[in-house]
Amino acid sequence: MKRRLIAIVLMLCALSGSIRIAHAEDNSYADGIAQHIRAGDMERAIAEADKAMLALRAEYPPEQRPQHCFRDQASALLFAQLNTEEYDEVPYDFAFVPYLKAYALLELDRPEEAIGALKEAIALDPTGPFIRFELIANYEKMRMLDAVEQEIRDLWPLLIYPEDFAKYYRRMGFWLIEQNAHAQARHYFIYSLVLENNDLAWNELAYIDQQLGEKVADKLSDEDERDKLTHLAIETVTADGQGLELSDAQKSVMLSIALMENIEGKQDMANAMMRFALLNENLQLPLSAP
């Protein structure tokens, strides 16, 4: 549960940060539910989520309720790129509360109910990748591996931020481990590290070495070996059809976000987004061990 709980905390931080656009003042429901999750009281979290949805629906009756809400500016811009319909927004709690309920349901080993809550959230936030990552976790719990693979691949057009792409490749790695394709999975975790230096990926590389009786992860501390392994990972992932090929919609949103981040003084993020958006070949950035 610890890894998943960290993800919840990070998501709450993101929603309360500068990139949130959907009624930032209306996040009290989600905050209260998350407190119960952090305390390990999943039943209370689910009950509070149900109460929160009743309150939200009472405040926004169907005839006054807009159709969508988005986690951040990137999701809203991507939706606008992919759809011609006009829309207004409701508070993001409409999508985030079902997401939190689903999180608690999965912790209680109730994935079928969780999937229903997540589909409710996706209907409101169709371009929010973090909800779909949670849907994948529930399909994994139910051992619906074909659904896992399909959801992972369907995620690609919705990815904007480098860390989301890195998470995408880690999910591919986890899925390959489930297929007992450990050597292939290793390439995906190494590829993910090209995009984001993440402890989860390093841990999985160590696990793969343990399973295969190898010490490939240790070689990543050597610059020459690291370059060889990174290029091999890029070639392998690209050959699998999972290389970095972005749609025009993704590139357009990345450039827009890069410009906004640049204006706000977040130069590192702006530069990363710009490199991502203008990329014509597979991304090759330095890989560093933690």
- Task: Output all residues satisfying salt bridge (charged side-chain N to carboxylate O under 4.0 Å, His left out) with Arg132, sequence neighbours left out; order by chain, then residue number.
- Result: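 Testing Arg132 for salt bridge (charged side-chain N to carboxylate O under 4.0 Å, His left out), a comparison that skips the adjacent residues, returns none.
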
Rounded to the nearest 0.5 Å, what separation is found between the [atom1] atom of [X] and the [atom2] atom of [Y]?
X	Y	atom1	atom2	answer
Asp164	Phe130	CG	CZ	10.0 Å
Leu105	Glu113	CG	CD	5.5 Å
Phe96	Asp31	CZ	CG	8.5 Å
Leu195	Lys167	CG	NZ	14.5 Å
Glu225	Thr230	CD	OG1	10.5 Å

- Query: Any idea which heavy atoms bring Ala201 and Ser192 closest together, and the distance?
  - Reply: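 Minimum heavy-atom contact is CB-OG, 3.6 Å.
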
- What is the minimum heavy-atom distance between Tyr29 and Ala52, and which atoms define it?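 Tyr29 and Ala52 have their closest heavy atoms at CD2-CB, 3.7 Å.
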
- Item | Partners meeting side-chain hydrogen bond (donor to acceptor under 3.5 Å, both in side chains) with Asp154 (sequence neighbours left out) |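 Applying side-chain hydrogen bond (donor to acceptor under 3.5 Å, both in side chains) to Asp154 gives Gln150.
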
- Can you name the side-chain hydrogen bond (donor to acceptor under 3.5 Å, both in side chains) partners of Arg170, sequence neighbours left out?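 Scan of Arg170 (side-chain hydrogen bond (donor to acceptor under 3.5 Å, both in side chains), adjacent residues dropped) gives Glu196.
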
- Query: Residues in side chain to side chain contact (heavy atoms under 4.5 Å, CB included) with Glu120, at least two apart?
  - Reply: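 Scan of Glu120 (side chain to side chain contact (heavy atoms under 4.5 Å, CB included), adjacent residues dropped) gives Met53, Arg57, Pro98.
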
- Query: Can you list the residues that meet the side chain to side chain contact (heavy atoms under 4.5 Å, CB included) rule with Glu223, with sequence neighbours excluded?
  - Reply: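 Here the qualifying residues are Arg226, Asp227.
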
- Out of Val216, Leu193, Asp218, which residue meets the side chain to side chain contact (heavy atoms under 4.5 Å, CB included) rule with Leu205?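 Of Val216, Leu193, Asp218, side chain to side chain contact (heavy atoms under 4.5 Å, CB included) with Leu205 is met by Leu193 alone.
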
- Please state whether the rings of Trp156 and Phe165 are parallel, tilted or perpendicular, taking 30° and 60° as the class boundaries.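 The rings of Trp156 and Phe165 stand perpendicular, inter-plane angle above 60°.
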
- Query: Is any NZ, NE, NH1 or NH2 atom of the basic residue among Arg153 and Glu149 found under 4.0 Å from an Asp or Glu carboxylate oxygen of the other?
  - Reply: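 Yes, this pair counts.
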
Show me, pair by pair, the donor-acceptor contacts under 3.5 angstrom made by side chains of residues 174-183, not counting sequence neighbours?
from, atom 1, to, atom 2, distance (Å)
Trp175, NE1, Leu145, O, 3.2
Glu178, OE1, Arg143, NH1, 2.5
Glu178, OE1, Arg143, NH2, 3.2

- Task: Keeping the roles fixed (side chain from Asp41, backbone from His36), state whether a donor-acceptor pair exists under 3.5 Å.
- Result: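 Not at all, since once roles are kept as given, no pair shorter than 3.5 Å links the two residues.
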
